[in-house]
Amino acid sequence: PVSPGVLPLCCRLPVWHRLPRPPPGLPLAPSRPFSNNKIQVELDESSGVATMKFKSPPVNSLSLDFLTEFCISLEKLENDRACRGVIITSAIPKIFSSGLDIMEMCGKSTEHYAEFWRAVQEMWLRLYSSTMVTLAAVNGSSPAGGCLIALSCDYRIMAENPKFSIGLNEAQLGIVAPFWFKDQFVSVVGHRIAERSLQLGSLYPAPEALRIGLVDELVPEEKLLEKAAAVMAQWLALPDHSRQLTKAMVRKALLDRLLTHREEDIKNFVSFVSKESIQKSLRTYMEMLKKRKS
Amino acid sequence: PVSPGVLPLCCRLPVWHRLPRPPPGLPLAPSRPFSNNKIQVELDESSGVATMKFKSPPVNSLSLDFLTEFCISLEKLENDRACRGVIITSAIPKIFSSGLDIMEMCGKSTEHYAEFWRAVQEMWLRLYSSTMVTLAAVNGSSPAGGCLIALSCDYRIMAENPKFSIGLNEAQLGIVAPFWFKDQFVSVVGHRIAERSLQLGSLYPAPEALRIGLVDELVPEEKLLEKAAAVMAQWLALPDHSRQLTKAMVRKALLDRLLTHREEDIKNFVSFVSKESIQKSLRTYMEMLKKRKS
Amino acid sequence: PVSPGVLPLCCRLPVWHRLPRPPPGLPLAPSRPFSNNKIQVELDESSGVATMKFKSPPVNSLSLDFLTEFCISLEKLENDRACRGVIITSAIPKIFSSGLDIMEMCGKSTEHYAEFWRAVQEMWLRLYSSTMVTLAAVNGSSPAGGCLIALSCDYRIMAENPKFSIGLNEAQLGIVAPFWFKDQFVSVVGHRIAERSLQLGSLYPAPEALRIGLVDELVPEEKLLEKAAAVMAQWLALPDHSRQLTKAMVRKALLDRLLTHREEDIKNFVSFVSKESIQKSLRTYMEMLKKRKS
């Protein structure tokens, strides 16, 4: 077996625990769902490709429960030798994910805030370091934490609907994206665009998201999953072990930065979100959302 | 009040000393000039936007006096709760700023060189870390240090006159941009363009500056200030505290790098500029400028 | 003489040993070849420009012998005060260089692997830190190590033939580009494109290579050397000492990273390439190449 860590400086990841996968072309097997609460997961054993569909109404917000289920689902796939790639998409029309659940940040105990933030970190650490090919099929709007999920994948395809937008819009809510959201964003769109977008909390309609490189391509919504499968097949045509080592090498610096500062990051989040001024910003934002809905 | 430093790794700046600003919409007040030597500053209290106009003939070169006035003016605005943003532009036709004043680098004492360089550093540290929204309205050519001022702002609008050019052209003078000019440049245009441009000392006419991302947009010269006001209003629509924390987070690494190496950087500048070969390059360049003028 | 290291943080390179060059315009001298085995070197003393032509059939692969000759040739030019710039191109139709010689990585002793890898490192360290202006005239395909040579130059011109492709395709061979190939690639095309391309082992036809910034311009093949000479003249119009100090400053971080981890990098390469699974990947690849040829 190919063991990780043989390359310079770079390759041993904390969440790296995959063995090399069997070659594609196993006997066709029926899809088997193995979770059906907030995230529906189906693995097609013939292609080695799993699909994770977010189905947590109304807007797939990233609650503590959702994040926990996400990590468990991903971990199961990661350990399943039949699975080499995962397509992440939404079962809810018009929304990919609305991002972190503001309810988890409002009027709760500091213990709760800490637990929630650790789950947010865990989600990113696992997804960004996944040894599987990860592909976001963004079939709806994807602000804040929803955008982070897409950014953490290896490739992003978005429905070419200009009503769908994507971006790290935390500044619009009166809050601040943490340093590792920023690092992740910079790694995809570059420093200049990230700096401006983060300050303005910009959300980009799909065509603009493509133009700045925030997503890799646009396709008509009805062709999104078909295209995702085709792109996935291209990625899976490569030998897993070299692709995995390369991915680990390229992503190591950002992962290490959060791992080194993880507890400090939690402490800072708890302290920030506990401030009365921030609580007030979040309550105002939630009331605005409620009004808009009704 | 929102105190800085609550977010991971990132937010406590050495020149960070602003309290949160009052919301926009204060009673209309007349503009009040409070400096009128080398830089004319006007604050419109109704919008919370100040304008700094360079008016140091013939070419707004950054002399020690100019830099000192710049820092004091910026500091005053920074401490003025009525001011949330500043537009930097020139009162002199065809030139934004010609950059560092070569007279300050020629035939002076090492003490003078050290004092001058510290002022150059101070200017950049204050501008790049300003908690205000900073917007460069580049209404003329802007080589070397003039370009640095524009690069340090949050946004750059340039008059769409192809006769106006901008860039870090130090290499053309036989001198070398310091590492923090380079870091600042890389952060805006990326490593590849910065590397090539710095080696060649490239000056970019406005249309090319837009193409490589050195400026954010071009407008006809007569609409420059109007457009600057409109863009500023967009930036000021965001809550100050999250925008400020975000800006601090994104800019911290570059600021820290100079702060850590500040004395070394001064020493290196003094040693470099004191060399006879460099003095000769500078004298040659000045003579060329004089000839061109006459 | 201008001594290196006078600028902040940045300028003292391990392989920096050039004195400033005499000004251009020396008396016309005949070209003088001084190597004619695997690399043909000609120096035009009138322009101060040398041409290195790879002529190691069939595909200019980077064997230990080739790399040694490359380093010696470069060193000679580096120490020749008459030489200020070098154009690197191929004397073999359709191929610039096929990259590292797989024969050197197959079925050899660990001592041999270590010696080979040190030579690969040396080639990059010398080329990337060269005080001369280095220009790649890419007149054929240039995968893997061939691409690295082009990336290490100051400027890249490619023949506009879509049949010629360039890229770091190691992942396609079941191997992994080392961290400094990756760093070098990121510095030219940015993090996002590098990440995707390295994972997929992408080779870019000339027009796409231009689009992503992997090469700087395309010209018809028959005009390639003429264009290279014209671009070189533009670069040589700048004073050497400021251009050299600027180049050293911009490139220092990447050079230092390999220098700091050089022995570890060799050890990792030897350990990686000695694995039976990797040996098998390489043998499979070589057999595929042989079949394709016949």
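In what follows, chains carry the letters A, B, and so on, assigned in the order in which the sequence lines appear, proteins first and then strands, with residues in each chain numbered from 1.
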Taking ring pair (Phe, Tyr, Trp, His ring centres under 6.0 Å) as the test, write out the residues that go with C/Phe164, two or more places apart.
none
Taking everything shown except B/Met288 itself, do over 12 heavy atoms lie less than 6.0 Å from its CE?
yes
Residues two or more places apart in sequence or in another chain: which of them pass side-chain hydrogen bond (donor to acceptor under 3.5 Å, both in side chains) with B/Asp65?
none
Heavy-atom closest pair (B/Pro178 atom, C/Met249 atom, distance to 0.1 Å) is C-SD, 3.8 Å
Neighbour count above 12 (heavy atom, 6.0 Å) for B/Lys108 NZ
yes
C/Val186 backbone acceptor or donor facing B/His191 side chain under 3.5 Å:
no
Taking only residues two or more places apart in sequence, or in another chain, which ones meet B/Phe66 in a ring pair (Phe, Tyr, Trp, His ring centres under 6.0 Å)?
B/Phe54
Residues C/Pro239 and B/Ala171: closest non-hydrogen pair is CD-O, 3.6 Å
Would you say that C/Ser242 contacts B/Ile175 through its side chain, given a criterion of any heavy-atom pair below 4.5 Å between the two side chains?
no
Within residues 192-214 of chain C, contacts to chain B at heavy-atom distances under 4.5 Å involve none
Are B/Ile278 and C/His241 packed together at the side-chain level, in the sense that at least one heavy-atom pair is separated by less than 4.5 angstrom?
yes
